[in-house]
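Here the structure comes first, spelled out in structure tokens, and everything after it is commentary.
Quick note on labels: first sequence line is chain A, next is B, and so on, each numbered from 1. For clarity, every value in this text was computed on a predicted model and none was experimentally measured.
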Protein chains: 2
Amino acid sequence: MRLTTKGRYAVTAMLDLAYHSSKRPVALTDIAKRQDISLSYLEQLFAKLRRAGMVTGVRGPGGGYQLSRPAHEINIAEIITAVDETLDSTRCGGKGNCQNDQPCLTHELWMGLSEQIRAYLAGISLGDLLSRHEIQQVANRQDREMQGVSIGEESVN
Amino acid sequence: MRLTTKGRYAVTAMLDLAYHSSKRPVALTDIAKRQDISLSYLEQLFAKLRRAGMVTGVRGPGGGYQLSRPAHEINIAEIITAVDETLDSTRCGGKGNCQNDQPCLTHELWMGLSEQIRAYLAGISLGDLLSRHEIQQVANRQDREMQGVSIGEESVN
DNA sequence: CAAAAAATTGACTAAATTACTAGGGATTGG
DNA sequence: CCAATCCCTAGTAATTTAGTCAATTTTTTG
Ligand code: FES
Ligand code: FES
């Protein structure tokens, strides 16, 4: 499979967005600060998420991004495939041709694994994650740290 | 997770070894030809597999490698971890410290995924794979092609 | 209207990792 | 002995990832 920080960042950012969503859109600068992700890099990820129809951008002051669908209708597999293109474990990309146009000895094994991973991540939605205790605790901590930074110290960014 | 061609090659080579194992050891040059893997690269992988105690090497002419245990007692997860060091999906390596020494928002999610993958691959042994039809077919094809090469054509390697 | 806030886009770069090569021993059967 | 084979270490080329930079467009606020 290809699970890199790109996919991880995308899921993290989407979860942050879901957690802080209300009437008003959420600006990427806020997500970048809370989650410690480069703003420019986030912009690239959200461009893909927008093209995939998972978020909508609102321009201008007070703008930002919003989920296009309720959090419990967005699953993790979608998010990763939107930015990573695939969560396939095969070498051949599912085409069964990685040894001289023929399937290699282990093609079926990786196909099975891919399906396993896909099914697991497709079965978890942003809404599911939001309701988990550990995640609420972490999100809370991050919000407090954000306040601390903006009140107590100079912004170093 | 980190599933690269290194891990895939290792599993493929181990499966080839299991399939061709009998009294006599199997030489890496044969595996390299059948599976289209660079010999030097295979040697590096088998060095790790040997250190992990999964195969034993026999030197000298007629030498090669043998499985240290029966095929049904070697599972896929073992093989991958032996060469790839880990099949962890987290960014932090399970330590929960990837955001400024604190767990990031999605740490628990990746932990769950890692366990899912590990359990799946740990539940499959080389013996299981050997008994699958598709794999026998592919192995057979490879053996025929090998013969064709050594009889009909000059070896291009 | 002017200014500012924010998304949007595309090109480019640096760092890291992977896949692979090169070259030399060490062992052992015939 | 000598050829086949494992064994070991370094090094390198290719690929991929993570991230930067700079310019543009759209919209709201004052
Ligand atoms: S992984 Fe699909 S053919 Fe090798
Ligand atoms: S993945 Fe473990 S702390 Fe972020």
Side-chain angles (χ1 to χ4, degrees), chain A residues 1-10 12-13 17 23-33 35-68 80 83-86 88 91 93 98 155 157, chain B residues 1-10 12-13 17 20 23-33 35-68 80 83-88 91 93 98 155 157:
Chain A
M1 183 184 51
R2 194 150 84 214
L3 181 50
T4 70
T5 64
K6 185 166 16 169
R8 288 196 207 97
Y9 279 173
T12 304
L17 177 53
K23 300 276 151 56
R24 308 189 54 85
V26 179
L28 285 192
T29 45
D30 291 344
I31 299 183
K33 277 183 206 156
Q35 306 303 332
D36 250 337
I37 304 176
S38 137
L39 175 60
S40 284
Y41 200 43
L42 261 191
E43 286 172 341
Q44 288 175 53
L45 300 182
F46 272 77
K48 295 194 180 190
L49 293 170
R50 189 174 49 77
R51 282 183 221 119
M54 315 183 75
V55 297
T56 53
V58 179
R59 293 178 163 195
Y65 282 93
Q66 287 171 315
L67 297 181
S68 313
I80 296 180
V83 298
D84 247 358
E85 331 280 85
T86 171
D88 183 41
R91 174 180 171 75
C98 83
S155 169
N157 303 303
Chain B
M1 183 184 51
R2 195 150 85 217
L3 181 52
T4 68
T5 63
K6 186 169 12 174
R8 288 196 207 98
Y9 279 174
T12 303
L17 177 53
H20 293 94
K23 300 277 151 60
R24 309 188 54 84
V26 179
L28 285 192
T29 45
D30 290 344
I31 299 183
K33 279 183 206 158
Q35 306 303 332
D36 248 338
I37 304 176
S38 134
L39 175 61
S40 278
Y41 200 44
L42 260 190
E43 284 175 340
Q44 290 173 53
L45 300 182
F46 272 77
K48 296 195 179 188
L49 293 170
R50 188 172 47 80
R51 282 182 220 120
M54 314 182 78
V55 297
T56 52
V58 179
R59 292 180 164 191
Y65 282 96
Q66 287 171 315
L67 297 180
S68 312
I80 295 179
V83 297
D84 247 359
E85 331 280 86
T86 172
L87 43 103
D88 183 41
R91 174 180 170 73
C98 82
S155 169
N157 303 304

Using five base pairs at each end to define the local axes, how bent is the helix from C:dC1-D:dG30 to C:dG30-D:dC1, to the nearest 10°? 10°
Both A:L39 and B:A27 contact DNA chain D. Taking the nearest nucleotide for each, which residue is further toward the 5' end? B:A27
Select base, sugar-phosphate, or nothing to describe what B:T5 touches, counting heavy atoms under 4.0 Å on all strands. sugar-phosphate
Can you work out whether B:R24 or B:Y41 has the more 5'-proximal nearest nucleotide on DNA chain C? B:Y41
Quick check: do B:R91 and A:Y9 have side-chain heavy atoms less than 4.5 Å from each other? yes
Could you state the CG-C1' distance from B:D30 to D:dA4, rounded to the nearest angstrom? 12 Å
Rounded interatomic separation in angstrom, taking CG from A:L45 and P from D:dT17: 13 Å
Straight-line distance of B:L17 CG to B:L67 CG, nearest 0.5 Å: 4.5 Å
Using a heavy-atom cut-off of 4.0 Å across all strands, would you classify A:Y9 as base, sugar-phosphate, or nothing? sugar-phosphate
Which distance, rounded to the nearest 0.5 Å, do you find between the CG of A:L49 and the OG1 of A:T56? 11.5 Å
In whole angstrom, give the distance that lies between atom CZ of A:R51 and atom C1' of C:dT8. 9 Å
May I have the distance from B:K6 (atom NZ) to C:dA19 (atom P), rounded to whole angstrom? 7 Å
Check the distance between D:dA18's P and B:R91's CZ and give it to me in whole angstrom. 8 Å
Among A:T29, A:I37, A:T12, which one satisfies side chain to side chain contact (heavy atoms under 4.5 Å, CB included) with A:L42? A:I37
So, does the side chain of A:Q44 form a donor-acceptor pair with the base of D:dT20 at under 3.5 Å? yes
When rounded to whole Å, the CZ to P distance for the pair B:R59 and C:dA26 reads 9 Å
State whether A:S38 places a side-chain N or O below 4.0 Å from either non-bridging phosphate oxygen (OP1 or OP2) of D:dT20. yes
Please tell me which of A:T4 and A:P61 maps to the more 5' nucleotide of DNA chain D, matching each residue to the nucleotide holding its nearest heavy atom. A:T4
Please report the interatomic distance CG(B:L45) to OG1(B:T5), rounded to the nearest 0.5 Å. 8.5 Å
Distance check, rounded to the nearest 0.5 Å: A:E43 atom CD versus A:Y65 atom OH? 7.5 Å
Give a yes/no answer on whether the side chain of A:R50 brings an N or O atom under 4.0 Å of OP1 or OP2 in C:dT8. yes
Gap between atoms NZ and P, on B:K48 and D:dC7 respectively (whole Å): 16 Å
Gap separating the CZ atom of B:F46 from the CG atom of B:L28, nearest 0.5 angstrom: 5.5 Å
Using a 4.0 Å heavy-atom cut-off across all strands, classify A:F46 as base, sugar-phosphate, or nothing. nothing
Base D:dC6 paired with B:E43 side chain (donor-acceptor, <3.5 Å): no
Protein-nucleotide distance (B:R8, atom CZ; C:dT18, atom C1'), rounded to Å: 12 Å
